[in-house]
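Because the structure is a prediction, the values reported are computed rather than measured. Order of listing sets the numbers, starting from 1, for every ligand and every atom in it.
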Amino acid sequence: EVNILWAAHQVHHSSEDYNLFTALRQSVLQKYTSWMFNLPMALFIPPSVFAVHLQFNLLYQFWIHTEVINKLGPLEWILNTPSHHRVHHGRNPYCIDKNYGGTLIIWDRIFGTFEAEDEKVVYGLTHPVNSFDPIMLQLRPLTHIWNTFWATPGFCNKLSVIFKGPGWGPGKPRLGLPEEIPVITGKEVPFNPIVPAYLNCYAVVHFAVITDLYTELLATVTTLSQGTVLLRICFIILSLASFGLLMENKSKAGILEIIRCLVFIGVYKLGYFRGQFPFLGYAYEV
Ligand SMILES: [Zn+2]
Ligand SMILES: [Zn+2]
């Protein structure tokens, strides 16, 4: 592991549930770090072949985020299966730094990073974030590196904070000390604060409206000015942050949500928001 790359990838691992939505939970930085793994292929793979396979590779890695499929017989030897990828997402000590393969698991078998699924996998980060706030989830890994960078004395040590493993510290091996990985008791429960049922319904309806706005934005992005696109993206991020705080039952979540709704009503009445799906128009008016 390289700390700065892990900072980009750990957003994907921050989910403490394991389902298809986990596959969609990605860092905004992911695409700025993946290229360095693809670059060597430029030497011997034609760009058109690469472009097609990149999409297949992406699609393949979607469906393996599930607990519904147990084992797939002989395919487990060759392919990265749901079982193998569950291990990759685990925070049990036996799961750490294992099963990196995307489509094929043979690479992990060859390079010694393979681990078969054994005791029940507890998903998520070794130090859980305990938040549904997407801004926090995206930025926390970077602020952690930033703080550790300045708190660590010595220029070489500072570089090590960035380029060695996330568990590294002065005097420790590159990947940190295995005994510092928190022990798993099996009684861990995913972060899931209790919120009233009406709040759950409210969040689902408003999430549908925001998904609609996002779909519309994607469909019309080439016809919009950069300023409009930026404002819409900011509004979508604000909305997701607000829903996250509501689902955490945070006391100040209501204030942020009222501000968000007022912004929405104002901009919608001025005609700047249009939906892709007319049936959601009722929700807009409510
Ligand atoms: Zn994954
Ligand atoms: Zn991963």
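- Excluding waters, the count of protein N/O/S atoms less than 2.8 Å from the Zn ion (ligand 2) comes to 3.
- For the residue pair Ser225 / Thr228, a side-chain donor-acceptor distance below 3.5 Å is found, with atom types taken as modelled.
- Taking the six-membered ring wherever Trp is involved, the centroid distance between the rings of His89 and His85 falls below 6.0 Å.
- Panel note: side chain Tyr18, backbone Val121; no donor-acceptor pair is recorded below 3.5 Å.
- Residues Arg91 and Glu188 are not paired through a salt bridge, judged by the lack of any N-O separation under 4.0 Å between the basic side chain and the carboxylate.
- With sequence neighbours excluded, the residues that form a ring pair (Phe, Tyr, Trp, His ring centres under 6.0 Å) with Trp150 are Trp146.
- A donor-acceptor pair under 3.5 Å is formed between the side chain of Arg174 and the backbone N or O of Glu1.
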